[in-house]
Amino acid sequence: MAKAKVEKEKDQGARPSLRAAWGVICNKQRGLMLLMIALVVVSVILLIISLTTLRPQNSVVIVGYNDVFGGYQRASWANMLAFPLMAIIFGVLHNLLAIRMFQKYGKDAAMVFVGATILLVVLSVLTIFRLLGEW
């Protein structure tokens, strides 16, 4: 039914809806669907880790490391809100972008995009652990 709706919208010249494209992904493109679900899962993990490590009771926390400017950079704990924001953007917005990429460029481009986003999320988790001194 979703495929018929997508084909009907293509015939009318309109861009297919996200819901219809998601239906096609679920029915025909299991690999892409599993990657998109994995992206949501790792993004939720990043969100949980980043929210539990905010430490708002501290006035100053380590927010970055730079070899050029002399090591660890300290700032307000509010600067660490970038990590939960990134988790939400990666989990929601990038999945919507992947659906649009699937519509326009096909399965392979969307899979590369989702895979690269999962890699970015994993690198963000590693960065948080490095800033906390856990690893």
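Any value given below was found using the heavy atoms of this structure, including those in side chains, with hydrogens, waters and symmetry copies removed. Residues: numbered from 1 along the sequence shown.
- In this structure, A98 and A110 approach most closely via the heavy-atom pair O-CB, 3.6 Å.
- Of the inter-residue distances, the one linking R100 atom CZ with Y105 atom OH reads 12.5 Å to the nearest 0.5 angstrom.
- Clustering ILVMFWY residues whenever any of their side-chain heavy atoms sit less than 4.5 angstrom apart, transitively, puts V92 in a cluster other than the one holding V44.
- I88 is connected to L96 through a chain of hydrophobic side-chain contacts under 4.5 Å among Ile, Leu, Val, Met, Phe, Trp and Tyr, so both are in one cluster.
- Annotation: the span from I118 atom CD1 to F90 atom CZ amounts to 11.5 Å, rounded to 0.5 Å.
- Between atom CZ of residue F83 and atom CG of residue L47 there is a gap of 13.0 Å, rounded to the nearest 0.5 Å.
- Across M33 and W22, no two heavy atoms sit closer than the pair CG-CH2, 3.8 Å.
- V112 has its side chain out of reach of M101: every pair of non-hydrogen atoms, C-beta onward, lies at least 4.5 Å apart.
- Remark: F113 CZ to N95 CG distance equals 9.0 Å, nearest 0.5 Å.
- When the options Q29, M111, R30 are evaluated for a side chain to side chain contact (heavy atoms under 4.5 Å, CB included) with L35, the one that passes is M111.
- Under the 4.5 Å side-chain heavy-atom criterion for grouping Ile, Leu, Val, Met, Phe, Trp and Tyr, L120 is connected to L81 within one hydrophobic cluster.
- Placement of I45 and L132 within a single hydrophobic cluster is found when ILVMFWY residues are connected by side-chain heavy-atom separations under 4.5 Å, directly or transitively.
- Residues V114 and H94 are not in side-chain contact: their nearest non-hydrogen atoms beyond the backbone lie 4.5 Å or more apart.
- Judged by distance alone, with hydrogens and angles left aside, the side-chain atoms of N79 form no donor-acceptor pair with the main-chain N or O of A75 at under 3.5 Å.
- Under the side chain to side chain contact (heavy atoms under 4.5 Å, CB included) rule, F129 has a single partner from L131, T127, V125, which is V125.
- The shortest side-chain heavy-atom distance between L46 and I128 falls under the 4.5 Å cut-off.
- Residues I48 and L39 do not share a hydrophobic cluster, clusters being chains of Ile/Leu/Val/Met/Phe/Trp/Tyr side chains in contact below 4.5 Å.
- Rounded to the nearest 0.5 angstrom, S50 OG and L85 CG are separated by 9.5 Å.
- Taking each heavy atom of S17 and Q103 in turn, the nearest pair found is O-NE2, 3.3 Å.
- From L34, atom CG reaches atom CD1 of I25 across 11.5 Å, with rounding to the nearest 0.5 Å.
- For the pair L93/L97, a side-chain contact is recorded, criterion being any heavy-atom separation below 4.5 Å from C-beta on.
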